[in-house]
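Only one structure is covered here, and it is reproduced in the block below.
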There are 2 protein chains.
Amino acid sequence: MQRSRFDPDPSRPVYVISVAARIVAVHPRTLRIYEDEGLIEPARTPTNIRLYSDHDVRRILWIRHLTQDRGVNLAGVRILFELEERLGVRILEALSDEWTAGNCDDAAAPSLRDSMGPDPEALTSAPSAPSAPPAPRPRSAP
Amino acid sequence: MQRSRFDPDPSRPVYVISVAARIVAVHPRTLRIYEDEGLIEPARTPTNIRLYSDHDVRRILWIRHLTQDRGVNLAGVRILFELEERLGVRILEALSDEWTAGNCDDAAAPSLRDSMGPDPEALTSAPSAPSAPPAPRPRSAP
DNA sequence: GACTCTTGACAACATCATTGTCATGGTTCC
DNA sequence: GGAACCATGACAATGATGTTGTCAAGAGTC
């Protein structure tokens, strides 16, 4: 899938939380919860403003696909990210194969490690997840 | 981990649902729900009585660990089993490493593919999951 | 024949995911 | 410079999930 045609560096943090929320179609409150759960780790400006990169956006798209389309809860998403990091293989690519089979005509399923900008065309096809997810924070005890 | 010292064949279905439930410390109602969700597929006698094997028991131990200790819901467990089958690698072994680090002194973490009987000693250490999980059934739409 | 098994069904309770809202204070940008 | 947006912590509503409990009716087992 093509990279964003505006900014070729997918790790550069450029989006504030309201923009990132619109791109991935979730509520800003939800993005803060994902961060509290250790699933994402957006950059911060010197004045503590969150800035999301294309990597972050792809990661959030995966979270959204897994939770909304596959019904996985956030603990399950965390383990999938852990496995991707620990095994060093494209485990979620196997899932994206299923995505492409069921959701779009794009035969070449992107890997979680591939870069891909939040281009509108790209956003409606299979998400790819960035590499090196942050270490998940332990979930608060009930 | 040693196999069960009573029955060396871990795929032989021998336990009725009440026995399997006692072995894995979950309710028989819960085992029926796991089956409805496509996570397990115990054998049936000619008179339709469920019979669970050691493979089934190990698989259920994994489900219990993932849901109770890691907080993963059943959709997430299903995806982990799918990945294990599709990638053909011991992905949950990476999780059992974490288990052994936090839960018991057994340094050699068993693989999901290893056989292991429901020996009481074995049951209190890291569970291993059987190979070739059944095809998961689609979850009923909300 | 008492107990356990099967099916389908309904329900209670705790937890989770997402969204909404509030208050207070700081930052950005038009 | 002030409107809009950002940050934090906090509480709450709604729908969904996981586990357990129970019921009814019928079949099988020991």
Side-chain angles (χ1 to χ4, degrees), chain A residues 13-52 56 60-81 136-142, chain B residues 13-52 56 60-81 136-142:
Chain A
V14 292
Y15 311 110
V16 294
I17 193 167
S18 59
V19 174
R22 274 202 295 277
I23 291 173
V24 297
V26 298
H27 200 275
R29 186 70 187 85
T30 305
L31 295 186
R32 293 189 180 105
I33 292 175
Y34 288 170
E35 187 180 349
D36 289 342
E37 293 287 331
L39 297 175
I40 57 178
E41 196 166 305
R44 296 294 189 117
T45 67
T47 54
N48 212 34
I49 305 290
R50 289 174 182 83
L51 286 182
Y52 296 81
D56 296 320
I60 297 164
L61 284 173
W62 264 108
I63 297 171
R64 198 188 70 177
H65 167 63
L66 291 169
T67 56
Q68 292 180 4
D69 298 337
R70 299 297 302 261
V72 181
N73 67 352
L74 300 184
V77 172
R78 182 185 300 120
I79 284 188
L80 291 168
F81 284 154
R137 297 192 193 94
R139 175 159 181 171
S140 54
Chain B
V14 293
Y15 311 110
V16 294
I17 193 167
S18 57
V19 174
R22 275 202 295 278
I23 291 173
V24 297
V26 297
H27 201 273
R29 186 73 189 85
T30 305
L31 295 186
R32 293 191 181 103
I33 291 175
Y34 288 172
E35 189 180 347
D36 289 341
E37 293 288 331
L39 297 175
I40 57 177
E41 196 164 305
R44 297 295 189 117
T45 68
T47 53
N48 213 34
I49 305 292
R50 291 175 179 84
L51 286 183
Y52 296 81
D56 296 319
I60 298 163
L61 284 172
W62 265 107
I63 297 170
R64 199 188 70 176
H65 168 63
L66 290 168
T67 57
Q68 293 180 3
D69 298 337
R70 298 297 303 261
V72 181
N73 67 351
L74 299 184
V77 172
R78 182 184 300 120
I79 283 188
L80 290 168
F81 285 154
R137 297 193 194 96
R139 178 164 179 164
S140 53

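Below, chain A is the first sequence line, B the second, and so on; all start at residue 1. All of these numbers come straight from a predicted model, not from anything done at the bench.
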- Atom pair distance, as rounded to whole Å: CG in N48(B) and C1' in dG8(C): 14 Å
- Message: Please report the distance, rounded to the nearest Å, between NE2 in H27(A) and C1' in dG15(D).
- Response: 17 Å
- Is there side-chain contact between L51(B) and V14(B), with heavy atoms separated by less than 4.5 Å? no
- Query: At under 4.0 Å, does any side-chain N or O of T67(B) touch on OP1 or OP2 of dT19(D)?
  - Reply: yes
- Side-chain contact test, heavy atoms from C-beta onward, threshold under 4.5 Å: evaluate it for I60(B) versus Y34(B) and give yes or no. yes
- Message: Quick check for you: among dC5(C), dG21(D), dT8(D), whose closest atom lies nearest to any side-chain atom of S18(B)?
- Response: dC5(C)
- Item | Pairwise distance CG(N73(B)) to CZ(R78(B)) - rounded to 0.5 angstrom | 8.5 Å
- Query: dT18(C), dT17(D), dT20(D): which one has an atom nearest the side-chain heavy atoms of T30(A)?
  - Reply: dT18(C)
- Message: Is Y34(B) close enough to dG18(D) that one of its side-chain N or O atoms is under 4.0 Å from OP1 or OP2 there?
- Response: no
- Note on the structure: Of the listed dA17(C), dC6(D), dG21(D), the closest approach to the I17(A) side chain comes from dC6(D)
- Message: If I take atom CG in residue L31(B) and atom C1' in nucleotide dG21(D), what distance separates them, rounded to the nearest angstrom?
- Response: 15 Å
- Message: For dC5(C) and T47(B) - does any side-chain N or O of the residue sit under 4.0 Å from the phosphate oxygens OP1/OP2?
- Response: no
- Tell me: CG of N73(B) to P of dA17(C), nearest whole Å? 8 Å
- Euclidean distance, atom CD1 of residue I33(B) to atom C1' of dA11(C) [Å, nearest integer]: 12 Å
- When you look at R44(B) and E35(B), which way does the salt bridge (charged side-chain N to carboxylate O under 4.0 Å, His left out) test go after all the steps? CA-CA 12 Å; R44(B) 297 295 189 117; E35(B) 189 180 347; 3.2 Å; yes
- R44(B) side chain near dT7(C) phosphate (N/O to OP1/OP2, under 4.0 Å): yes
- Query: Expressed in angstrom and rounded to an integer, what is the separation of R32(B) atom CZ from dT7(C) atom P?
  - Reply: 7 Å
- Would you mind reporting whether R64(B) and V26(B) have side-chain heavy atoms less than 4.5 Å apart? yes
- Query: Pick the nucleotide of DNA chain C nearest each of V19(B) and R29(B); which residue has the one closer to the 5' end?
  - Reply: V19(B)
- Query: Should R50(B) be listed as having a side-chain N or O under 4.0 Å from OP1 or OP2 of dC5(C)?
  - Reply: no
- Mind calculating the distance between CD1 (I49(A)) and P (dA7(D)) to the nearest angstrom? 5 Å
- Item | Interatomic distance where CG belongs to D36(A) and P belongs to dA7(D) [whole Å] | 12 Å
